[in-house]
There are 2 protein chains.
Amino acid sequence: MCPIPVGIKRVAESTIHRLSHYWRVLIALEKEGYKTVSSRELAQREKLTPAQVRKDLSFFGSFGTRGLGYPVTQLKEQVSAILGTNQTWRVALVGVGNMGSALVGYKEFSRQGFNIIKLFDNDQRKIGSFHKGLIISDVRNLEVEIKQAGIEIAIIAVPSAVAQQVMDEIAKGGVKAILNFASVKLKVPGDVCIRNEHMSMELEHLSFALVNKITGKQCE
Amino acid sequence: MCPIPVGIKRVAESTIHRLSHYWRVLIALEKEGYKTVSSRELAQREKLTPAQVRKDLSFFGSFGTRGLGYPVTQLKEQVSAILGTNQTWRVALVGVGNMGSALVGYKEFSRQGFNIIKLFDNDQRKIGSFHKGLIISDVRNLEVEIKQAGIEIAIIAVPSAVAQQVMDEIAKGGVKAILNFASVKLKVPGDVCIRNEHMSMELEHLSFALVNKITGKQCE
DNA sequence: GAATGTGAAGGTTTTCACAGCA
DNA sequence: TGCTGTGAAAACCTTCACATTC
């Protein structure tokens, strides 16, 4: 594998996003028995242009063969390596409420190597009890237990009001990647990567679209 | 209110997204007692540039006063009108599983005018039973019941395998705005707006960031 | 012939910088 | 003076087009 030139030239946010899509398509193609795939075919499946696909992939290396296309299995593995989905990740979930519980039960996470191995809550009635085979720890021990368990990714699923203080503890625990479901903008240290799942904002986008009659491509 | 020049000039996807942020900040500012706010202040709260804020807002009209800034309450209402959050929306949720249940219980939706008033599932054990005060209907009646209830927005929270057929029924029911939690790309008619909540993709983005040591601003 | 990889062109979004107004 | 609104510039992202390779 050639070194990934991240840092030399900035990767576009959208490229990473599309990489996730390519990965899924490649998994499907492999199942369907494809040995190779062209940028045209790959593009078609995600409603993109072939040039876009080639640009995205070529950013990380030369994975294809001129005249032939890309070897499906190999490319799948290379994309997976780039995304970091060729390994498992130790994930902690903070806030075992409505949303939190749903996320623990979300099979796709573990199927893709994101293993939720620690649960935290601040509710005394929940602390110490088991949820889907995992004991719920006291959120006050976040920093220590996160370190002990070697957590790499944290999911914040607590009410907005307490999200920032949870965030701070997580950061103290040395976690560098966070998925935030609370609908507030969180302050994070410079070396932490945070992604937000602001579900109401998506609904707002939809209501905007309805009010302004935005459709089709403009929507996404 | 001046007419929104949507359609004359394309609104940037990112502008809509930031509009949601502005709206939240404005609500907060109003609570904090601010009467006016400058683009600088507004920008600071969302880690944007003042120019960005002004460009975004000026796209929809002239809401500020030179030398003074923007009137908080008024701007809040104007932004709300643009987003369509100054009204209530009739929402249906399809798939009352893990994720679906969590979404029904998600108070922020209703607080913002997105009222989930219909639930659908294909599980005979669930159909006819009540969930948080709402009866669960048979997914086979989607088209008819959606029309009857005047549903404007649908949330898809079913397993990926059946998402497309659910989608098709929803479209037949005349719904033009869809929030999709299934992790597949859905085919939609040209006049339908679909937004995807691909949660695993966000985790993939995080693992990408960890593997490639992407941090801070590059992340979002 | 077929399809990649890529510099250059084209398009879109963000930032700059300043005219114009309270 | 302070801050908006906005053309122009810069940065960024996507598409084109073709040389290159199998």
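Below, chains carry the letters A, B, ... as their sequence lines are ordered, and counting in each starts from 1.
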With no angle test and no hydrogens, is the base of D:dG5 tied to the side chain of B:R54 by a donor-acceptor pair under 3.5 Å?
->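 Between D:dG5 and B:R54, which were checked side chain against base, a qualifying N/O pair under 3.5 Å is present.
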- Message: Once hydrogens and angles are ignored, does a donor-acceptor distance under 3.5 Å link the base of D:dT21 to the side chain of A:R66?
- Response: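 Between D:dT21 and A:R66, which were checked side chain against base, a qualifying N/O pair under 3.5 Å is absent.
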Margin query: Considering every strand and a 4.0 Å limit on heavy-atom distances, what is the contact class for A:T15: base, sugar-phosphate, or nothing?
Written below: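 Nothing, no heavy atom under 4.0 Å.
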**Message:** I'd like to check B:L26 versus B:Y70 (side-chain heavy atoms, cut-off strictly below 4.5 Å). Are they in contact?
**Reply:**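 No. Closest side-chain heavy atoms not under 4.5 Å.
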Notebook entry, point to check: Which residue lies toward the 5' end of DNA chain D, B:Y70 or A:T49, if each is placed at its nearest nucleotide?
Noted result: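 Looking at the nearest nucleotide for each, B:Y70 comes out on the 5' side.
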Check your understanding: Quick one: side-chain hydrogen bond (donor to acceptor under 3.5 Å, both in side chains) partners of B:S160, sequence neighbours excluded?
Key ->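 Per chain and number, B:S160 pairs via side-chain hydrogen bond (donor to acceptor under 3.5 Å, both in side chains) with B:S183.
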With a distance cut-off below 6.0 Å to the six-membered ring centre and an angular limit of 45° from the axis, does B:R18 pair with B:F59 as a cation-pi contact?
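Ring-cation test returns no.
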Legend entry - Residues forming a ring pair (Phe, Tyr, Trp, His ring centres under 6.0 Å) with B:H198, sequence neighbours excluded: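 With sequence neighbours excluded, B:H198 shows a ring pair (Phe, Tyr, Trp, His ring centres under 6.0 Å) to no residue whatsoever.
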Under a 4.0 Å heavy-atom criterion, the protein footprint on nucleotides 7-13 of chain D, written with B, S and -, is BB----S
Return the value, rounded to whole Å, for the distance between atom [atom1] of [X] and atom [atom2] of [N].
| X | N | atom1 | atom2 | answer |
| --- | --- | --- | --- | --- |
| A:F60 | C:dT6 | CZ | C1' | 16 Å |
| B:E46 | C:dT14 | CD | P | 14 Å |
| B:L57 | D:dC3 | CG | P | 16 Å |
| A:L68 | D:dT20 | CG | C1' | 14 Å |
| B:D56 | D:dT4 | CG | P | 13 Å |
| B:Y22 | D:dT4 | OH | P | 12 Å |
| A:Q78 | C:dT4 | CD | P | 14 Å |
| A:F59 | D:dT14 | CZ | P | 12 Å |

Practice task
Would you name the heavy atoms of A:I116 and A:V104 that are closest together and state the gap between them?
Solution key: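 Taking every non-hydrogen atom into account, CD1-CA, 4.1 Å.
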Is the backbone of A:R90 close enough, under 3.5 Å, to the side chain of A:E152 for a donor and an acceptor to pair up by distance?
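It does hold such a pair.
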- Query: Should B:K118 and B:E145 count as an ion pair when the cut-off is N to O under 4.0 Å?
  - Reply: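 Salt bridge: yes.
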(message) Please tell me if A:T65 has a side-chain N or O lying less than 4.0 Å from either OP1 or OP2 of C:dT4.
(response)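 No, outside the criterion.
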Query - Short side-chain N/O contact from A:S39 to OP1 or OP2 of C:dT4, under 4.0 Å - result: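 Checking A:S39 against C:dT4: at least one side-chain N or O falls below 4.0 Å of OP1 or OP2.
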